[in-house]
Amino acid sequence: MNAFFIRNIIFPLMEKFKGNTIRKKFKFLQELCYSSKQEIESFQKEELKNLLLYCIENVPAYKGFKYLKEKIEKDPSEAIGEFPVLEKKNFIKNFDYYLSERVDISKCILNRTGGSTGEPVKFYMDRETVEWYEAARYLGLSWWGINIGDRCLMLWASRNDIRNSNNLKEKIKERFLKNRIIISSWDINEKNLKEIIRKIKRFKPLYIYAYPSAVYKLAYLLNENGVVFDLKLKGVVTTAENLYEYQRELIQKVFKCPVINEYGARDAGIIAYQCPHGKIHVMSPNIYLEFVKTESLDEKRRILLATDLHNFVMPRLRYKLGDIVSVDEEGCDCNIAFPVIKEIDGREDEVLITRSGKCYDSHFLTTIMREMEVESILQYQLIQHSLDNLTLKIIKSDKFNENEIHKILKLISEKMDGAKVDVEYVNSIETGPSGKTRYVIREFNFSK
Ligand SMILES: [Zn+2]
């Protein structure tokens, strides 16, 4: 299907039919992102003020904060600090309290996270919320010259999403309305490689949208088999999992295009997007972020609190997503005026902790393996059971060498203040129902 046709005929028709305003929001965000920092901040403040005022009037969980009304009207970014931080477990437990009293539930969409880390979270949103998410994604893509309706190859791993996309109606919608084909990461293997290559060559995608582990798996197989593509891709957009440097390098080499990091969460929408200068810009007209210092983390790392500015159906203020990010004081010299984050370090329970209080994020082992030029490991998962006990699960590569593994175990043990590290050789590493691959898991809570 022709991208021009989709962009200019089908998409506008769909908008009319459904009454949605994604393109209008996208154009608005596009203008705003190239305006000044002051304009962006004042838009965000206004949205935050409206949301907080709405919450204290209509949302049971926040009605007790009516006394903050004046403060909110004066300075919402100061007033929000008076509201409690919302932990996922408290939200799940008190689900009904977060539903707006003015909501018509029949017009809402029930969404849920995949639960790759703990219990899945259910929440309501409406079409308006989703449209802001979509508009933010199109904005991020537009920074790379990718437009609405451009041909997209999606490499996906979420079982729920794939199941939905397998029925015929969805397949037609995917192919002809969204100009997209989906390949499940479970189908990416040596046996199916020829068929996958044929599919990709026939479809000629303009960009790839994928879980990093899925597109890495494909890149690895293509590289091993010496397959050379001439696709002229605008980029490979990775989402849903942390993107590791070794993945970025191989994906870039095989697909001959930049790897673009999209930072989103099912329960918070598109949070940030990487720009062509390599910095990660926060979608601040959509989301209000707070970066909280904690003693257990080093100077530059912060726990992230997110407030989705456009979900009035089920607002969650200062919602703790469980992600840790590094702040960036330098900013970006591109012309996008949205603020920047330096790096997304991973989830809170992916940080390893040693007996003496040192912290390592989920990039820790990848960095070691890179420095040592390790070739023995195809995939790994490092599990910290306690301060003194870890297990390294390994899928062996063709170039397996036991000495190399011993060296890695010794080095991990040294870094972890002498903790015992066992090795376990496995054929596969289990992913949760969301299909996300987790490289590091800490099984216990820390408090300091
Ligand atoms: Zn930038």
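Everything numeric in this text was worked out from a predicted model, so none of it was measured. One-based numbering, in listed order, for ligands and for the atoms of each. The residues of the chain are indexed from 1 along the displayed sequence.
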Query raised in the report: Should the pair R137-E262 be classified as a salt bridge under the 4.0 Å nitrogen-to-oxygen rule?
Result: yes
Query raised in the report: Quick check: does H277 put an N/O/S atom under 2.8 Å from the Zn ion (ligand 1)?
Result: no
Query raised in the report: Is the Y62 ring parallel, tilted or perpendicular to the F65 ring (thresholds 30°, 60°)?
Result: tilted
Query raised in the report: Given SG of C332 on one side and SG of C275 on the other, what angle do they make at the Zn ion (ligand 1), to 10°?
Result: 110°
**Report entry** Salt-bridge contact D333-K279 (side-chain N to carboxylate O under 4.0 Å)
**Finding:** no
Requested in this report: Look at the aromatic rings of F43 and W132 and report parallel, tilted or perpendicular, splitting at 30° and 60°.
Outcome: tilted
**Report entry** At the Zn ion (ligand 1): angle between H281 atom NE2 and C334 atom SG, to 10 degrees
**Finding:** 100°
